[in-house]
Colleague: 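Before anything else, here's the structure in question.
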Amino acid sequence: MAAPTNVLHLRAETKPLEHRSALTPSTTKDLIEAGYTVNVERDPQRIFEDSEFEAVGASLVPTGSWVDAPKEHIIVGLKELEEKDFALKHTHVQFAHCFKNQHGWDKVLSRYSRGGGTLLDLEFLEKDGRRVAAFGFWAGFAGAALAIKNWALQVSKGSQLSSVESFPNEAALIAHVKEVFAEGQGKAGRIPRVIVIGALGRCGRGAVDMCQKVGIPDENILKWDLAETAPGGPFKEVAESDIFINCIYLSSPIPPFVTLESLNKTADRKLSVLCDVSADSTNPLTPVPVYTITTTFEKPTVMVEGLEKEPAVSVISIDHLPSLLPREASDTFSNDLLPYLLTLKDWRSDPVWAGAEKLYKEKVATLPATALN
C-alpha cells in the first residue's frame, strides 16, 4: 500500500441536507500553512461557501472528483458514502457507520477491502480511551431542541414535527424553540419533565444545556448517567417523564432503558417524545428497542407501534442532528480534529490513526467470504 502524501481531498457530502464539513476554512488554512495541499470539491449544500476555502489557498475541484483522484490522496469527508458497488482504492477519513454490525455493514466494509483502500473511521479515533473529536455536544443540543419542540406541538396542536431545516446559528434556534415551547407550556398548563440518560457526557451536556436555555428548570430535568442506570432497566422514570433523550454511546450489551412492555405496564405513563440521539436503530444492542427506523430532516419522527393506551409516543432518531447547527458543529469538530489532521501525511506514526487502521483491519477480518467477491 502506497504511503499517504500531503494531499487532502475534501469531498462533497451526498447525504440530503447535510450541511456540515469535516474541514472548515479556518482548519484548511492551518493545514495549508503546515505544508498540505488541500483540494476542496464544490458543494452547494455545505454551510461554508466554496469561495471561503479558495480564499485561504485551497484548490476548488469538481463535485465527485475524488473517485478519480490519485490513489495516494487522502479523501476526507463526514458522513457515509453513497451506496455503490465499486471498490474503493483510497484512504478515507469519515464516519462510515459499519463497525457495529449495522444493517449492510458487510457491503460497506468490503468496498474498501476489495479496492485496497483503508477506512479511518472518525467515530473511533481515540486517545487515552476517549474520542479525540466528536459532534456529541451539538447532537445532544439539537436533539433536545427537536424533542422539546415536538412535545410542544403535541400538546398545543395535537401534531408532530413535520420537517426540519438547519438554523443559521445557535441564537436563532433557541429563539425559535422558546417561542414554540411557550405556546405548548401555556396550553398544557405545566412544564414537562425531561430525563436525559448519559447526562455527564458531551451529548448529555448539550441536551441539558438546551433544556435550560429554553426555560426548563433543573428540578424538571432528570440527569442520569452510569450511577443511576447501574441497577439495569427498564426504568419507570423513563415512562413517567414527558420527554426522554437517550445520549449514551453504546459499546456493550446492557439491559434496555425502555421497552414496549414497560411503556404498556406503566400506569401513569406520560412519555410522548423519545429522542434517540445515537440513532442506532439497527444496532442489536440498542437500549431503546421500541423503533427500527432512522428518521430524517424531511420526516423527523416515527411512532412507536403496539401501544395499548395514550399518549402516543413519537421517536426522533435523526443520525445527523448536529447539522441543525452546521456552522457551530463544524467549527467545534474540525478544531478538535485539527491536531490529528496535521499528522495525516505520516498517519501510521500517529497512535490515534494507527489505532483506527488496526480496528479497520480487525473488522475486515470478520467479513464473510461472500462479501469479498
Side-chain angles (χ1 to χ4, degrees), residues 1-16 18 20-23 31 36-43 45-46 58-126 133 282 294 319-320 333-334 337 340-341 343-348 350 352-373:
M1 183 182 297
T5 67
N6 66 335
V7 181
L8 306 183
H9 186 116
L10 179 65
R11 61 173 174 80
E13 298 297 322
T14 55
K15 193 178 187 74
E18 180 54 82
R20 291 173 296 168
S21 178
L23 301 184
L31 286 163
Y36 284 87
T37 295
V38 183
N39 297 326
V40 175
E41 291 188 9
R42 297 181 183 275
D43 186 351
Q45 71 174 13
R46 187 186 291 131
S59 298
L60 297 182
V61 296
T63 304
S65 58
W66 68 266
V67 175
D68 298 314
K71 181 177 180 178
E72 63 271 15
H73 290 192
I74 299 174
I75 312 303
V76 179
L78 196 66
K79 299 300 289 185
E80 62 271 22
L81 297 170
E82 289 182 293
E83 293 184 10
K84 304 285 186 180
D85 290 328
F86 66 88
L88 300 170
K89 64 184 180 181
H90 298 96
T91 294
H92 285 258
V93 175
Q94 64 179 62
F95 290 98
H97 305 296
C98 65
F99 281 178
K100 294 189 285 187
N101 292 355
Q102 292 98 325
H103 178 71
W105 71 275
D106 51 343
K107 292 181 180 179
V108 172
L109 198 54
S110 68
R111 294 181 65 192
Y112 299 90
S113 181
R114 288 188 286 114
T118 301
L119 169 61
L120 303 177
D121 198 308
L122 290 168
E123 185 177 354
F124 300 94
L125 297 184
E126 296 185 348
T282 63
T294 300
D319 66 1
H320 59 126
F333 182 82
S334 196
L337 190 61
Y340 308 96
L341 293 170
T343 68
L344 269 175
K345 57 189 174 185
D346 190 24
W347 58 264
R348 285 192 176 89
D350 185 327
V352 170
W353 296 112
E357 182 189 31
K358 180 175 180 289
L359 179 60
Y360 162 73
K361 289 180 176 179
E362 290 172 352
K363 296 298 181 179
V364 166
T366 69
L367 282 170
T370 53
L372 298 173
N373 297 329

Colleague: Does Leu78 offer a backbone N or O that forms a donor-acceptor pair with the side chain of Glu13 under 3.5 Å?
Modeller: yes
Colleague: On the 0 to 90° scale, with breaks at 30° and 60°, tag the His92-Tyr112 ring pair as parallel, tilted or perpendicular.
Modeller: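 The arrangement is perpendicular - the two ring planes meet at more than 60°.
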Colleague: Which word best sums up how the rings of Trp66 and His90 line up, parallel for under 30°, tilted for 30 to 60°, or perpendicular for over 60°?
Modeller: perpendicular
Colleague: So for atom CD, which belongs to Glu362, do other residues, nucleotides or ligands contribute more than 12 heavy atoms lying within a distance under 6.0 Å?
Modeller: yes
Colleague: Are the side chains of Ser110 and Trp105 in touch, meaning some heavy atoms are under 4.5 Å apart?
Modeller: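 A side-chain contact under 4.5 Å is absent here.
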Colleague: Test side-chain contact (heavy atoms from CB on, under 4.5 Å) on Leu31 and Leu8; report intermediate values, then the result.
Modeller: CA-CA 9 Å; Leu31 286 163; Leu8 306 183; 3.9 Å; yes
Colleague: Taking the basic N atoms (NZ, or NE/NH1/NH2) and the acidic carboxylate oxygens, is any pair closer than 4.0 Å for Arg348 and Glu357?
Modeller: yes
Colleague: If we ignore hydrogens and angles and just use 3.5 Å, is the side chain of Thr63 paired with the main-chain N or O of Arg42 as donor and acceptor?
Modeller: yes
Colleague: State whether the side chain of Glu80 and the backbone N or O of Ala96 hold a donor-acceptor pair below 3.5 Å, judged by distance alone.
Modeller: no
Colleague: Take Lys15 and Asp319, measure what side-chain contact (heavy atoms from CB on, under 4.5 Å) needs, and give me the verdict at the end.
Modeller: CA-CA 11 Å; Lys15 193 178 187 74; Asp319 66 1; 3.2 Å; yes
Colleague: Report the distance from atom CH2 of Trp353 to atom OG1 of Thr343, rounding to the nearest 0.5 Å.
Modeller: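 It is 6.5 Å, given to the nearest 0.5 Å.
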Colleague: Where the side chain of Asp121 meets the backbone of Ala356, is there a donor-acceptor pair that is under 3.5 Å apart?
Modeller: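 Such a contact is absent between Asp121 side chain and Ala356 backbone.
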Colleague: Counting N and O atoms only, with roles assigned by atom type, does the side chain of Arg46 sit under 3.5 Å from a partner on the main chain of Glu41, one being a donor and the other an acceptor?
Modeller: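 Yes; judged by distance alone, with no hydrogens or angles, the pair exists.
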Colleague: For Leu23, run the side-chain contact (heavy atoms from CB on, under 4.5 Å) check against Leu337, Leu341, Val93 and tell me which one passes.
Modeller: Leu341
Colleague: Looking at Phe333, is Arg20 sitting on its ring face, NZ or CZ under 6.0 Å from the six-membered ring centre and within 45 degrees of the normal?
Modeller: no
Colleague: For the atom pair CG (Asp68) and NE2 (His73), what is the distance rounded to the nearest 0.5 Å?
Modeller: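 One gets 12.0 Å once the value is rounded to the nearest 0.5 Å.
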Colleague: Could you measure the distance from the CG atom of Leu120 to the CG atom of Leu344? Nearest 0.5 Å is fine.
Modeller: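 That separation rounds to 7.5 Å.
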